[in-house]
Student: 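Take a look at this one; I'll ask things after.
It should be emphasised that the depicted structure is a prediction, and the values quoted were computed from it without experimental measurement.
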Amino acid sequence: MPNHVTVYAVSDMTGETVTRIVRAASAQFPAGDVVIKVLQHAGPAEEIVSRIAEQHDDGPVAVFHTILSKRTREDLRTALQTLRIPSVDLLGSTAHVMADLLGEQPHDTPGLTIDDGTEPIFV
């Protein structure tokens, strides 16, 4: 078993959302088991993969991302699959389901926040 895994939290903006989710998940493991590296203001998939490759991480690596551009998400998924690096699309998948249910397309505007005046209903 490896002594740690490296997780890349990738965002086309500040990385706050993806980092919060990854940190919440990593809290379920002993301290130091998950090393989180944040790639902010990510560009095209090739750039993201290049930045990850530059790190020369030892041991297992995974990528979690909140990238809005559908094209970039698809290109990133393909590139990471080729490299056998697991990845999770945290924002695109969620927006896709909501778009299907609403019958409309999301704004695809990076950096929007959830301060829309509505509150979740806790049940």
Side-chain angles (χ1 to χ4, degrees):
M1 291 302 272
N3 59 355
H4 76 276
V5 298
T6 301
V7 172
Y8 287 90
V10 181
S11 171
D12 48 11
M13 286 302 291
T14 64
E16 181 180 339
T17 301
V18 67
T19 302
R20 286 179 140 199
I21 295 168
V22 170
R23 288 185 70 203
S26 70
Q28 300 299 314
F29 301 94
D33 280 8
V34 180
V35 175
I36 302 169
K37 296 185 177 182
V38 182
L39 299 181
Q40 300 174 308
H41 306 288
E46 304 81 33
E47 176 188 319
I48 296 167
V49 172
S50 175
R51 289 173 68 185
I52 291 169
E54 288 172 2
Q55 298 292 315
H56 302 293
D57 290 301
D58 293 328
V61 173
V63 173
F64 295 83
H65 63 85
T66 54
I67 295 173
L68 282 174
S69 164
K70 183 176 181 181
R71 175 65 182 207
T72 301
R73 290 194 318 261
E74 291 172 350
D75 290 348
L76 183 60
R77 180 181 61 243
T78 300
L80 293 172
Q81 283 176 340
T82 300
L83 297 170
R84 296 179 163 231
I85 296 175
S87 66
V88 178
D89 174 4
L90 297 168
L91 189 58
S93 301
T94 305
H96 177 74
V97 169
M98 290 179 184
D100 283 350
L101 293 171
L102 292 167
E104 58 186 78
Q105 293 303 307
H107 297 298
D108 283 345
T109 304
L112 293 180
T113 64
I114 39 179
D115 188 13
D116 61 0
T118 63
E119 294 293 326
I121 301 168
F122 293 93
V123 293

Student: For Leu39 and Ile52, what are the C-alpha separation, side-chain angles and deciding distance, and is it a side-chain contact (heavy atoms from CB on, under 4.5 Å)?
Tutor: CA-CA 9 Å; Leu39 299 181; Ile52 291 169; 3.9 Å; yes
Student: Would you find a donor on one side and an acceptor on the other, under 3.5 Å apart, between the side chain of Asp12 and the backbone of Leu68?
Tutor: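 The answer is yes, because a donor-acceptor pair under 3.5 Å joins these two groups.
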Student: If only atom types and distance count, is the side chain of Ser50 paired as donor or acceptor with the main-chain N or O of Glu46 below 3.5 Å?
Tutor: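 Looks like no, no N/O pair under 3.5 Å.
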Student: Is it the case that atom NE2 in His96 sees more than 12 heavy atoms from other parts of the structure closer than 6.0 Å?
Tutor: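 No, NE2 of His96 has 12 or fewer neighbouring heavy atoms, counting only those of other groups under 6.0 Å.
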Student: Which heavy atom in Ala9 sits nearest to a heavy atom in Thr19, and how many Å separate them?
Tutor: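 Heavy-atom minimum between the residues: CB-OG1, 4.0 Å.
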Student: Starting from Val88, can I reach Ile21 by hopping between I/L/V/M/F/W/Y residues whose side chains sit under 4.5 Å apart?
Tutor: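 Yes, Ile21 and Val88 fall within the same hydrophobic cluster.
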Student: Just how far is it from atom CG of Asp75 to atom CD of Glu47, taken to the nearest 0.5 Å?
Tutor: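 One finds 13.0 Å between CG of Asp75 and CD of Glu47.
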Student: Please report the C-alpha distance between Thr17 and Leu91 in whole Å, then the side-chain angles of each, then the deciding distance to 0.1 Å, and finally whether the side-chain contact (heavy atoms from CB on, under 4.5 Å) criterion is met.
Tutor: CA-CA 9 Å; Thr17 301; Leu91 189 58; 5.9 Å; no
Student: With a 4.5 Å cut-off on side-chain heavy-atom distances among I, L, V, M, F, W and Y, is there a chain of contacts connecting Leu83 to Ile67?
Tutor: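 Same cluster.
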Student: If you take all heavy atoms of Gln40 and Thr14, which pair is closest and at what distance?
Tutor: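 That would be NE2-O, 2.6 Å.
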Student: Tell me whether Val61 shares a hydrophobic cluster with Val34, the cluster being built from Ile, Leu, Val, Met, Phe, Trp, Tyr side chains joined at under 4.5 Å.
Tutor: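 No, separate clusters.
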Student: Would the distance check show the side chain of Ser26 and the main-chain N or O of Arg23 forming a donor-acceptor pair, the cut-off being under 3.5 Å?
Tutor: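 Judged by distance alone, yes, a pair lies under 3.5 Å.
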Student: Where do Arg51 and His41 come nearest, in terms of heavy atoms and distance?
Tutor: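 Between these two residues, the closest heavy atoms are NH1-O, 4.5 Å.
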Student: Gly43 and Thr72: which non-hydrogen atoms are nearest, and at how many Å?
Tutor: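 For Gly43 versus Thr72, the nearest heavy atoms are O-CG2, 3.7 Å.
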Student: Might you point out which heavy atoms bring Phe64 and Val18 nearest each other, and give the distance in Å?
Tutor: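 It is O-CG2, 3.5 Å.
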Student: Please give me the minimum heavy-atom distance between Val38 and Gly15, naming the atom from each residue.
Tutor: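 Looks like CG1-CA, 4.4 Å.
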Student: Which residue in the set Asp89, Val10, Val49 passes side chain to side chain contact (heavy atoms under 4.5 Å, CB included) when paired with Val63?
Tutor: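 Only match with Val63 under side chain to side chain contact (heavy atoms under 4.5 Å, CB included): Val10.
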Student: Within this structure, what is the OH-CD1 distance for the pair Tyr8 and Ile85, rounded to the nearest 0.5 Å?
Tutor: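 It comes to 8.5 Å.
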